[in-house]
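One structure, as structure tokens, below. Some questions next.
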2 protein chains.
Amino acid sequence: MTDTYPSGAQNDGMRNTIIEAARELFAKFGYKKTTMEDIAQALRKGKSSLYYYFKNKEEIFQAVIEMEEELLFSKLHKVVDSENDAKSKLREYIITRMETIHQLENYLKALKDDMLGGYEFFGRLKTKGEKEEAKLLIQILEEGTADNTFQVKNVPMAAVAFATALKGLEVPLFKSQNNFDDFKVQIENILNILFYGLIKR
Amino acid sequence: MTDTYPSGAQNDGMRNTIIEAARELFAKFGYKKTTMEDIAQALRKGKSSLYYYFKNKEEIFQAVIEMEEELLFSKLHKVVDSENDAKSKLREYIITRMETIHQLENYLKALKDDMLGGYEFFGRLKTKGEKEEAKLLIQILEEGTADNTFQVKNVPMAAVAFATALKGLEVPLFKSQNNFDDFKVQIENILNILFYGLIKR
DNA sequence: ACATGTTTCGACCAAAAAAGTCGACAAAAA
DNA sequence: TTTTTGTCGACTTTTTTGGTCGAAACATGT
């Protein structure tokens, strides 16, 4: 087979099993300190079995990060597709975003590592996520502008500005993984300031 | 200097600093996955500086385990030296023992690793701990026998039997590090059974 | 029963990582 | 100024790890 790995229904099962096991180990020890032997032992298999399903270690890690990004956007889509008004949606979007990223230890570590060169696959993944996030933010801002909750002249540009600000909020998550409640209070404060500037008066 | 390492007041400071930093890293990653570079970076020093204070990596780990054993027995001594009656002391001793061992992640890991060959220094440390524990249990049992709370014919032998039973209780700690509250309920149940057999009727 | 496809893994190799050493240097103390 | 203490970059040696390969076991099809 030419650089493709078994992905029929049967083997998706084993691939997903490997990804789940790897995910826990990467979360606990990090990418570097987790060995292929660790992952294999967690599955009670030989190390070389992993290479039947994945090309290499980084590909397993990529699959873990893709899964975690998928989880993140699944949650964000639920927020955007809810029946709430635009203001509530935006608030919920930001809180859900930061909270979920905080929980997805591997995704968070990958974001952090990316600042120092990170992984080959991560650039593409990040770009894809940024585009998806822009779409979601545009959707919320357009809803708010349509019903006059928000006063935004250039929605796409505002969405980009928002997304950039959200990235800045990621930095505190790199340092402290404990007091998210404190961080949440901070987010609420920032939201109030943001809304004061956005809500029509 | 001939195989001794600086241990004057000044350098005990640096040794203890190294031990504390190492302790956190060993607890988080385990002995094997923690590198000398990790420890050095945590202290913002060069890796070879560590070899000024310690002979090798295992000696650092030994110092960590000695410190944790010292913490354990310090707590146990407080229990035995309290003014409580023998029955309360025995109960408190067992709970404090299991709870503290549960908290001392490195000591617990060393106990676990010891079953698989473990570390060169650990045998001596364990023997020393067993002797000290026997003394403490004898003290409690003698107090209880003297005031007729317990009915024990051969106190030293009973102490050894107790210590052996306590070791058996360590095994559940190896597997689950989460629900200690459940484990504590189990301990209470076992204590009641033990007391029924011990308390004079 | 045999052939084919799928999955597993022990042995191995090359590369990378890590433990540990050494000599030079800086800083502190005498 | 000399001696002692402490630091660390460069290096060596040892160990670990990622990854490969061929053989074997297992499952499936004919």
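Naming: A, B, ... by sequence-line order, numbering from 1 per chain.
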query = In terms of side-chain heavy atoms of A/S49, which of C/dT7, C/dC9, D/dT7 is nearest?
reply = C/dC9
inquiry  = I need the CZ-C1' distance between A/R15 and C/dT6, as an integer number of Å.
reply    = 16 Å
request  = Measure from CZ on B/F61 to C1' on C/dA19 and round the result to the nearest Å.
outcome  = 16 Å
task = Please report, rounded to the nearest Å, how far the C1' atom of D/dC8 is from the CG atom of B/L43.
result = 14 Å
remark   = Here the distance between atom P of C/dC9 and atom CZ of A/R44, to the nearest Å, is 12 Å
Donor-acceptor pairs are to be reported for all side-chain atoms of residues 137-144 of chain B against protein atoms at under 3.5 Å, with residues two or more places apart or in another chain.
unit_1, atom_1, unit_2, atom_2, d
B/E143, OE1, B/K89, NZ, 2.9
B/E143, OE2, B/K89, NZ, 3.2

Non-hydrogen side-chain atoms of B/Y93 and B/E133 separated by less than 4.5 Å = yes
ask   = Which whole-number value in Å describes the distance from B/Y53 OH to D/dT5 P?
value = 11 Å
remark   = Residue pairs passing the side-chain hydrogen bond (donor to acceptor under 3.5 Å, both in side chains) test with at least one member in residues 62-73 of chain A, sequence neighbours excluded, are A/R23-A/E68, A/Q62-A/E66, A/E68-A/N106, A/E69-A/Y107
task = Report yes if the side chains of A/T164 and A/K167 come closer than 4.5 Å at any heavy-atom pair, otherwise no.
result = no
task = Rounded to the nearest angstrom, tell me the gap between atom NZ in B/K45 and atom C1' in D/dG9.
result = 15 Å
C/dT8 phosphate, OP1 or OP2, under 4.0 Å from A/Y52 side-chain N/O = no
task = From the options A/D38, A/T35, A/T34, select the one residue that forms a side chain to side chain donor-acceptor pair (under 3.5 Å) with B/K33.
result = A/D38
ask   = So do B/K112 and B/E170 actually touch side chain to side chain, heavy atoms under 4.5 Å?
value = no
note = Per-nucleotide protein contact along nucleotides 15-22 of chain D, 5' to 3', at a 4.0 Å heavy-atom cut-off (B base, S sugar-phosphate only, - neither), is --SBBBB-
